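Scroll down for the structure; my scribbles are underneath it.
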Amino acid sequence: MQVELVYNVIHTQTITGRLKAGEDGAVTVFDGIVRNNTKGRQTLYLDYTAHKSMALQQMQTLADDAVARFGVRDVAMVHRLGRLEVGETSILIAVASAHRGVTFDACRWLIDTLKKQVPIWKQEFFVDGAVWAPGEPFPAELQADSPFSQR
Amino acid sequence: MRLRVLFFGVLRDRFSAEERLEQFPGRTVADLLGYYRAVAPELGTLWGTLAVAVNQQYAAGNVELKQDDEVALLPPVSGGAPCVRNHAG
């Protein structure tokens with residue numbers, strides 16, 4: 001199981017190649033890349049920061065959960081931090097298993113869950129300024145202020 | 001009690017990345033949020049959206065803090081691929 005935070009280019013083919021095993025019938029790959037605009041505003045580049053040790057721990061837990069929940073054989077999940085240019089890969093998730101159905105399901109679940117709870121933030125730099133991307137709201141049970149989490 | 005407080009995302013526009021709080025007068029995660037909310041009330045509704053991690057584990061408001069805990073204040077996360085969702089503010 002490959003789970004990493006990196007500052008350099010993510011090599012999709014190397015990672016998916018390493019993931020494949022003889023008993024696999026499918027690898028589903030999600031390659032998240034930097035778009036050239038947000039709602040029409042032209043993006044120059046993005047800067048990703050993380051609570052690194054916690055993010056890694058969370059990603060490892062998600063990868064383990066994906067195997068347990070969906071019964072897939074193996075997962076690779078690599079997120080890049082630092083400055084990324086348009087078109088570059090920010091996150092690569094690859095899921096391998098004997099049959100394709102569960103690999104699609106696990107891959108979708110991994111990216112959707114990562115975006116809600118793995119502590120990584122994105123600052124977007126435009127020609128005319130910079131903003132912190134508004135994140136997805138935390139699941140209620142993770143919010144410190146939530147009625148679900150109060151005594 | 002002494003705490004190490006980490007700030008991330010949009011909070012970095014207002015706070016430094018890390019702060020040593022030598023004499024935190026409160027007891028819980030909720031107390032700490034209240035403490036910083038009073039320091040920066042201009043951040044408004046952001047305070048209600050934060051998650052808090054104590055020693056790298058998500059923690060609810062009623063969690064008791066201990067001497068030398070690392071407490072991270074986490075705005076909603078936005079990792080992964082750029083998001084197409086419209087943000088209504």
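These numbers come from the heavy atoms of this one structure, side chains and all, not from hydrogens, waters or symmetry mates. Predicted model, so just to flag it, every value in this text is computed and none were measured. Labels below follow one simple rule: chain letters A, B, ... track the order of the sequence lines, proteins then strands, and each chain is numbered from 1.
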request  = Identify the two heavy atoms, one from A/P119 and one from B/V77, that lie closest to each other, and give their separation to 0.1 Å.
outcome  =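 Closest pair (atom of A/P119, atom of B/V77, distance): CA-CG1, 3.6 Å.
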Under the salt bridge (charged side-chain N to carboxylate O under 4.0 Å, His left out) test, residues paired with B/K66 that sit two or more places apart = B/D69
If you count every heavy atom of other residues, nucleotides or ligands that lies below 6.0 Å from [X] atom [atom1], does the total exceed 12?
X	atom1	result
B/R37	CZ	yes
A/R41	CZ	yes
B/Q23	CD	no
B/E42	CD	yes

query = What part of A/A55 gets closer than 4.5 Å to chain B, counting heavy atoms only: side chain, backbone, both or neither?
reply =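 For A/A55, there is no contact with chain B at all, as no heavy atom is under 4.5 Å.
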Does [X] share a hydrophobic cluster with [Y], counting links as ILVMFWY side-chain heavy atoms below 4.5 Å and allowing steps through other members?
X	Y	result
A/Y45	A/F126	no
A/V3	A/V9	no
A/V131	A/L44	no
A/I111	A/F104	no
A/I93	A/I10	no

key: Within residues 21-28 of chain A, residues adjacent to chain B where the heavy-atom gap is under 4.5 Å   =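 Within residues 21-28 of chain A, no residue comes under 4.5 Å of chain B, counting heavy atoms only.
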key: Residues in residues 56-78 of chain A that sit under 4.5 Å from chain B, counting heavy atoms only   = A/Q57, A/Q58
Does a side-chain heavy-atom distance below 4.5 Å link [X] with [Y]?
X	Y	value
B/L50	A/F138	no
A/S53	B/Q56	yes
A/H51	B/E70	yes

Could you tell me whether the side chain of [X] and the main chain of [Y] form a donor-acceptor pair under 3.5 Å?
X	Y	value
B/Y58	A/Q117	yes
A/W121	B/V10	no
B/S78	A/K122	yes

Per-residue contact mode, B/V29 against chain A (heavy atom under 4.5 angstrom) = side chain
query = How many angstroms lie between atom CG of B/L6 and atom CE of A/M54, to the nearest 0.5 angstrom?
reply = 10.5 Å
request  = Could you please state which residues from residues 13-21 of chain B sit under 4.5 angstrom from chain A, measuring non-hydrogen atom to non-hydrogen atom, sorted by number, or 'none'?
outcome  =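 Expected list: B/D13.
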